[in-house]
Protein chains: 2
Amino acid sequence: MKNLRVNIEISSKLYLKNPDTSELGQSILSNSIELISEIGFEAFTFKKLGEVINSPESSVYRYFKNKHSLLVYLTSWYWYWTEYRLVFATINIDLPQERLMRSLDILTKPVLIDNSFSYINEVLLSEIIFSESIKAYHTKDVDEENKKGCFKAYKGVVQRVSDIILELSPEFAFPHMLISTVIEGAHQQHYFSKHLPALTDTNKGEVGISEFYKTLTLKTLDL
Amino acid sequence: MKNLRVNIEISSKLYLKNPDTSELGQSILSNSIELISEIGFEAFTFKKLGEVINSPESSVYRYFKNKHSLLVYLTSWYWYWTEYRLVFATINIDLPQERLMRSLDILTKPVLIDNSFSYINEVLLSEIIFSESIKAYHTKDVDEENKKGCFKAYKGVVQRVSDIILELSPEFAFPHMLISTVIEGAHQQHYFSKHLPALTDTNKGEVGISEFYKTLTLKTLDL
DNA sequence: CAAATATAATAGTATTACTATCATTTTATA
DNA sequence: TATAAAATGATAGTAATACTATTATATTTG
């Protein structure tokens, strides 16, 4: 994946003006990632972002309808990027079980190395996804946004891994349920590990989370 | 459980003035449950609540610091109540596996019958918990609130079911992780079923969710 | 170089999330 | 039953948020 420039194209329905095509737009993306991971999505405002990038908030509003749309854009970017990672991690691997395990590694572990893929800091972005992405689809307007295709990238990732499961266990009736449980579960366990340790078992470190979900998946599939 | 009045006492740190001890307080609780389940927690404000109960918002503020504190109170109430349900559902049941299955039923299925336990509509409250409770602990102030004991009730429920797991599989290293995965997973799958069906497999109805998590639990524990 | 486009600078509005004050009603108690 | 204490109502006000609008000034493009 290093030194390989893959262009992640985000549906035009997720922005007012493509942030990828201008310096200000790219600055909005990279600085919002930094600011959100610093102060959290709740405290994040376009006004504060404007101060960081030295632009009035009204300029940010030309790119995104509101901060929620920006979060949807970022999660969408993350899941398209994750799909690329899944493809690269499983290509040329014959055994479906090995492909499944490699996929689960990607889905359950936070990103540790920033490949400096363009202007996006993937380490910080993955932290945001792990702790805030649930807010992207937990809103009054889910249905409307879902129709617009806001969550297409996430659904694509779940579908891709579900397909591996069906290859391994064609009769298994709950591949999507299992994978979305694993993805969201891993995100939450990392959060619990940091903030509500009584709800998890990561006394020995967070490494166990990925192992837990891999074992859970294999056992659920009788593998 | 019917006709049995169990008094659920909520820690005084979760309110400014005990809503349980006055008519206005009880009206705040019952009407906020109705209003939140109607318009969602985001759109819910103390001003709108005030209109419903015919009191100024300033009166509501005398009971709760803000709407977030009210949500924390409601989730806390729900989990204490759920702990009672767990106790009643598992008492006198000898086989730990049967106790586990009955517990998982309670944790993964939304409440369908309102026992009219005092002024709280448990059906609506459980709907709120399933779809909004994650917002209670996904905030900037988790750590602070956790120290204050805001999530004690939830942690107690997880601990109680973890204990059953340890009775069945004393060597199992991840009982809390498994149970919090099941609880949060079930909540999310119900939400996905309604709003993002591509992330789940409930074409045949939501009944499958509970069965899925029971099977997943048994298999993960090699039972 | 002109026209089109993007950005900056600034102002303004509605709503939210509160806080404050004081009058009125209800409740407790002597 | 009178009186103090507590609770509630009515009203006003503030700071921040989440925008929208306008116009001037750059910058890009044809």
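Excluded from the calculations below are hydrogen atoms, water molecules and symmetry mates; all remaining heavy atoms, backbone and side chain alike, are included. As the structure is a prediction and not an experimental result, all values here were calculated from the model. Chain letters run A, B, ... following the sequence lines, proteins first, then strands; residues in each count from 1.
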Tell me what B/Ser55 touches on the nucleic acid: a base, only sugar-phosphate, or nothing, going by heavy atoms under 4.0 Å.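 The answer is sugar-phosphate, as B/Ser55 gets under 4.0 Å only of primed atoms, P, OP1 or OP2.
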Describe the nucleic acid contact of B/Lys47 in one word from base, sugar-phosphate, nothing, applying a heavy-atom distance below 4.0 Å.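 It contacts nothing in the nucleic acid.
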Calculate the interatomic distance between [X] atom [atom1] and [N] atom [atom2]; express it in whole Å.
| X | N | atom1 | atom2 | result |
| --- | --- | --- | --- | --- |
| A/Glu42 | C/dT16 | CD | P | 18 Å |
| B/Glu51 | C/dA17 | CD | P | 14 Å |
| B/Lys48 | C/dA17 | NZ | C1' | 13 Å |
| A/Tyr61 | C/dA6 | OH | C1' | 19 Å |
| B/Phe41 | C/dT16 | CZ | P | 14 Å |
| A/Arg62 | C/dA9 | CZ | P | 12 Å |
| B/Leu16 | C/dC18 | CG | C1' | 12 Å |
| B/Glu57 | C/dT21 | CD | P | 17 Å |

What is the 5' to 3' range of DNA chain D, first to last nucleotide, that sits under 4.0 Å from any heavy atom of chain A? D/dA18 to D/dA21
Residue whose closest nucleotide on DNA chain D lies nearer the 5' end, B/Leu24 versus B/Ser58: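 Comparing both residues, the 5'-ward one is B/Leu24.
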Return whichever of B/Gly25 or A/Lys67 has its heavy-atom-nearest nucleotide of DNA chain D closer to the 5' end.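 Upstream on the strand: B/Gly25.
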Under 3.5 Å, is there a donor-acceptor pair linking the side chains of [X] and [Y]?
| X | Y | result |
| --- | --- | --- |
| A/Asp20 | A/Tyr119 | yes |
| A/Ser180 | A/Tyr154 | no |
| A/Tyr137 | A/Thr75 | no |

Taking only Lys NZ, Arg NE, NH1 and NH2, and the carboxylate oxygens of Asp or Glu, determine whether A/Lys148 and A/Glu145 approach each other closer than 4.0 Å. no
Toward the 5' end of DNA chain C, by each residue's nearest nucleotide, A/Glu23 or B/Phe44: A/Glu23
Can you say whether the rings of A/Phe130 and A/His187 are parallel (under 30°), tilted (30 to 60°) or perpendicular (over 60°)? tilted
Taking only the side-chain nitrogens and oxygens of A/Tyr63, find out if one of them lies under 4.0 Å from OP1 or OP2 of C/dT7.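 Answer is yes, contact under 4.0 Å.
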Please report the closest heavy-atom contact between A/Thr21 and A/Asn18, naming both atoms and the distance. OG1-O, 2.8 Å
Let me know which of A/Ile120, A/Leu124, A/Asn121 forms a side-chain contact (heavy atoms from CB on, under 4.5 Å) with A/Asp114.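 Single pass found, and it is A/Asn121.
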